[in-house]
Asker: 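One structure is given below, represented as structure tokens, and several questions about it will come after.
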Amino acid sequence: MSQKKNFTKGFLKENPVFVLLLGLCPALGVTTSAFNGLGMGLATTFVLVMSNIVVSLVKSSIPDKVRIPSFIVIIASFVTIVELTMQGYLPDLYEQLGLFIPLIVVNCLVLGRAEAFASKNTLKSSVIDGLGMGLGFAMALTILGGVRELLGNGAIFGWKFIEGDGILVFILSPGAFIVFGYLVALLNKINKTT
Amino acid sequence: MAKKESTFLNMVLTLLIITGLSSLALSGVFELTKGPIAKARKEKKERAIKAVLPEFDTMLLKMVMPETGKDSLEFITAYEDSLWVGTAISTYTYKGYSGLIKLMVGLLPDGCIERIAVLEQKETPGLGTKIADEKFKHQFIGKDPAKYILKVKKDGGDVDAITAATISSRAYCEAVQRAYDAFKRDGGNK
């Protein structure tokens, strides 16, 4: 697989949220606005790239039987680093996402890429895979959040252009599933035609 | 490089090294971010105090135990030219839709509400989070809780609840009421 393909697969062909259906807990939980989705997506991207780098570097010195616990410890360390840094330097964003940041640890996307890709591939491919998958995840969350914010609040990125309350159900969890279902269908359609 | 054998010694050593390195890295990051985190918290609180009170130059802190509730409230008594201009009370409620809501309530010496700021909340985004919006907070400004009933209209009070977020609105009122009651009992300026 060429590196370009390796990078772009995360956006459409193997989009983690809409095609692989990984990491749905944060994808449905935080995406009440486009900004929240983007913040969560970028935090996950950072953790994904860093854990892919480390896992790919140490892959040959970790015995097979303890690889999963080792990966989890590596991922958890990076998540805590993100959490502390965000709390110190971006307190407003931290307040919005607070609950979901520790959950990146159990985001199956991160562990999935460590196990399925980084532990079998070179450092360079792993970094590119992490970036592509992470940005694909961020893109998916931003779109999901954008649609929900637009329908539920009449706003996009907090910029309100329709007065009033909007369709409340899209802000609540059922709305997340509805929007998510339509987006999955749409992306499958796009992937089939290209 | 060949994969390492999964012998007992190898496994123990690998896990030991990984956990050791990660603890080292984390304690480093913790030390680095300790300052900024404390600063961000302090700044947020100070901003809230300034937002809910009239101009002041000195402030005094004390803890007051309310009649209801488990935790004490923090009273910040503010003076301008050693004249008492108001008290900011950090109050709370556990009745929010997702539990704890913390508010900073600014009361004038006569007991009227100056302004209210939301310190912490975990309400439903887009619904309950509107308790922090001007539209909702505005109705409390200048009201005297002795005459103005701090309950949503559905419960026979004077407060316009947020559409589809009655529980959050109720909780908000309860927190303000708690601050006011403690303020009245304490006298605010002793």
Side-chain angles (χ1 to χ4, degrees), chain A residues 29-33 35-36 50 54-55 58-67 69-92 94-99 119 145 148-149 151-155 164-173 175, chain B residues 1-45 47 97-99 102 118-130 132-133 135 162-165:
Chain A
V30 293
T31 54
T32 49
S33 73
F35 186 72
N36 286 1
M50 295 313 280
V54 175
V55 166
V58 299
K59 60 177 185 283
S60 47
S61 40
I62 292 179
D64 259 347
K65 277 186 187 162
V66 289
R67 68 179 195 285
S70 311
F71 295 165
I72 287 285
V73 171
I74 293 168
I75 294 166
S77 310
F78 284 116
V79 170
T80 314
I81 291 174
V82 169
E83 189 183 3
L84 289 173
T85 317
M86 212 181 231
Q87 210 175 345
Y89 299 101
L90 298 165
D92 292 332
Y94 176 76
E95 215 146 274
Q96 293 278 311
L97 301 178
L99 187 63
S119 67
R148 287 180 66 191
E149 194 183 358
L151 293 173
N153 238 342
D165 275 337
I167 312 164
L168 290 172
V169 70
F170 285 106
I171 294 291
L172 300 170
S173 359
Chain B
M1 203 161 120
K3 248 307 191 233
K4 245 191 192 162
E5 289 291 321
S6 291
T7 59
F8 181 72
L9 187 69
N10 271 347
M11 291 197 284
V12 170
L13 276 180
T14 312
L15 284 180
L16 194 70
I17 293 170
I18 287 183
T19 44
L21 283 180
S22 84
S23 334
L24 217 71
L26 286 186
S27 55
V29 173
F30 177 74
E31 279 302 318
L32 278 178
T33 52
K34 208 164 65 177
I37 289 175
K39 206 172 133 234
R41 283 215 184 112
K42 207 172 139 232
E43 268 171 13
K44 194 173 173 223
K45 205 171 131 196
R47 263 209 312 273
Y97 200 67
S98 322
K102 276 188 173 173
V118 177
L119 291 176
E120 255 175 59
Q121 51 88 10
K122 301 193 262 309
E123 299 307 283
T124 317
L127 292 175
T129 46
K130 285 187 185 154
D133 286 359
K135 206 178 141 199
I162 299 159
T163 321

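We use all heavy atoms of the structure for the numbers below, so side chains are in, but hydrogens, waters and symmetry mates are not. It should be emphasised that the depicted structure is a prediction, and the values quoted were computed from it without experimental measurement. Proteins get letters first, then strands, A, B, ... in listed order; numbering begins at 1 in each.
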Asker: I need the A:Ser70 OG to B:Ile17 CD1 distance, nearest 0.5 Å.
Answerer: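 Atom-to-atom, A:Ser70:OG and B:Ile17:CD1 are 10.5 Å apart.
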Asker: If we define contacts as heavy-atom pairs under 4.5 Å, which of A:Thr85, A:Ile81, A:Val54 has the most with chain B?
Answerer: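 When all of A:Thr85, A:Ile81, A:Val54 are compared, A:Ile81 has the most.
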Asker: Tell me if the NZ atom of B:Lys44 is crowded by more than 12 foreign heavy atoms within 6.0 Å.
Answerer: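 Enclosed: over 12 neighbouring heavy atoms sit under 6.0 Å from NZ of B:Lys44.
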Asker: Between A:Ile62 and B:Ile18, is the side-chain contact (heavy atoms from CB on, under 4.5 Å) condition met? List the steps.
Answerer: CA-CA 10 Å; A:Ile62 292 179; B:Ile18 287 183; 3.8 Å; yes
Asker: So, taking the atom named NZ in A:Lys65 and the one named OG1 in B:Thr14, what distance separates them when rounded to the nearest 0.5 Å?
Answerer: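 Going from NZ on A:Lys65 over to OG1 on B:Thr14, the span is 13.0 Å.
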Asker: If I compare all heavy atoms of B:Ile37 with all of A:Leu84, which pair ends up nearest, and what's the gap?
Answerer: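 Here B:Ile37 and A:Leu84 meet closest at CD1-O, 3.6 Å.
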Asker: Let me know which of A:Val73, A:Thr80, A:Ile74 forms a side chain to side chain contact (heavy atoms under 4.5 Å, CB included) with B:Ser22.
Answerer: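 Result: among A:Val73, A:Thr80, A:Ile74, A:Val73 is the only option passing the side chain to side chain contact (heavy atoms under 4.5 Å, CB included) with B:Ser22.
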Asker: State which residues pass salt bridge (charged side-chain N to carboxylate O under 4.0 Å, His left out) with B:Lys34; sequence neighbours excluded, sorted by chain then number.
Answerer: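 Only B:Glu31 meet the salt bridge (charged side-chain N to carboxylate O under 4.0 Å, His left out) criterion with B:Lys34.
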